[in-house]
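Remarks on the structure that follows.
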Amino acid sequence: FFFFKQKTAYEMLRSLVGSEMCIRDRYMGRVGFLVDETGIVRGGASIMNEQGQTIGTVTSGTFSPILKKGIGMAYVNTEVSKIGTSLVAFQKGRPLKVKVSKMPFVPAKYYRAPEAKK
């Protein structure tokens, strides 16, 4: 008789195609951030907490002409994904202070007419 150890759900999940994204989505959250200093954080930059531990990666970043500062999105640990959390992003070896903010960064200002009742 052969007895096989039953795999846990995590072990089965790791062997599936696309499992890295499922694991990332479970333990990482997508957040928006505003750069507090002068500079732009680009995709691929690492995000660290105040203690210097790497907690995420920037997916995209650019300059916002409306806000007059750098903005971006990143995947970070869910513990630090609360709005207002201060983090540090490293762009080309230079630390930049960033703050987690809500998305969209600028509220939409368009008029939507009420639907006609039938």
Side-chain angles (χ1 to χ4, degrees):
F1 291 85
F2 292 100
F3 293 100
F4 295 102
K5 180 183 171 224
Q6 185 175 2
K7 289 185 175 183
T8 63
Y10 180 75
E11 290 171 336
M12 288 190 296
L13 181 65
R14 285 191 336 199
S15 64
L16 298 174
V17 174
S19 62
E20 296 86 17
M21 291 190 321
C22 294
I23 293 170
R24 179 195 68 198
D25 291 345
R26 183 171 191 168
Y27 299 107
M28 306 285 273
R30 185 175 65 114
V31 297
F33 62 84
L34 298 171
V35 181
D36 292 339
E37 302 174 4
T38 303
I40 300 170
V41 181
R42 298 291 186 182
S46 61
I47 301 270
M48 297 187 176
N49 60 7
E50 305 272 328
Q51 292 77 28
Q53 300 168 330
T54 301
I55 55 167
T57 306
V58 175
T59 58
S60 63
T62 189
F63 179 76
S64 170
I66 294 174
L67 298 174
K68 305 280 193 272
K69 57 173 59 177
I71 61 172
M73 291 186 293
Y75 276 105
V76 296
N77 292 345
T78 54
E79 298 95 35
V80 295
S81 62
K82 291 186 177 20
I83 294 173
T85 306
S86 295
L87 303 171
V88 178
F90 279 87
Q91 180 65 37
K92 296 182 180 177
R94 181 175 157 227
L96 294 170
K97 292 183 181 179
V98 299
K99 191 170 284 190
V100 176
S101 73
K102 66 179 187 67
M103 293 189 293
F105 301 104
V106 180
K109 295 182 180 178
Y110 58 85
Y111 174 74
R112 178 174 285 170
E115 294 183 22
K117 293 185 180 181
K118 294 182 182 181

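Values below: all heavy atoms of this structure, side chains included; hydrogens, waters and symmetry mates excluded.
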Shared ILVMFWY cluster between Val35 and Val80, side chains joined below 4.5 angstrom?
yes
Under 3.5 Å, side-chain donor or acceptor atoms of residues 82-106 against the rest of the protein: list the pairs with distances, not counting sequence neighbours.
from  : atom 1 : to    : atom 2 : distance (Å)
Thr85 : OG1    : Lys82 : O      : 2.7
Gln91 : OE1    : Arg42 : N      : 2.9
Arg94 : NH2    : Thr38 : O      : 2.9

Val41 vs Phe33, test: side chain to side chain contact (heavy atoms under 4.5 Å, CB included). Steps then yes/no.
CA-CA 10 Å; Val41 181; Phe33 62 84; 4.1 Å; yes
Residues 62-73, side-chain donor-acceptor partners within the protein, below 3.5 Å, at least two apart:
from  : atom 1 : to    : atom 2 : distance (Å)
Ser64 : OG     : Leu67 : N      : 3.2
Lys68 : NZ     : Pro65 : O      : 2.9

How about Val58 and Ile47: do any of their side-chain heavy atoms sit closer than 4.5 Å?
yes
Residues which pass side-chain hydrogen bond (donor to acceptor under 3.5 Å, both in side chains) with Gln51, listed by chain and number, not counting sequence neighbours:
Asn49
Check Gly29 against Thr78 and note the closest heavy-atom contact, atom names and distance.
N-CG2, 4.1 Å
Work out which heavy atom in Tyr111 is nearest to a heavy atom in Pro114; give both atom names and the distance.
OH-CD, 3.5 Å
Of all residues at least two apart in sequence or in a different chain, which pass the side-chain contact (heavy atoms from CB on, under 4.5 Å) check with Thr54?
Ser46, Met48
Pair Asn77-Met28, side chain to side chain contact (heavy atoms under 4.5 Å, CB included): steps then yes or no:
CA-CA 5 Å; Asn77 292 345; Met28 306 285 273; 3.1 Å; yes
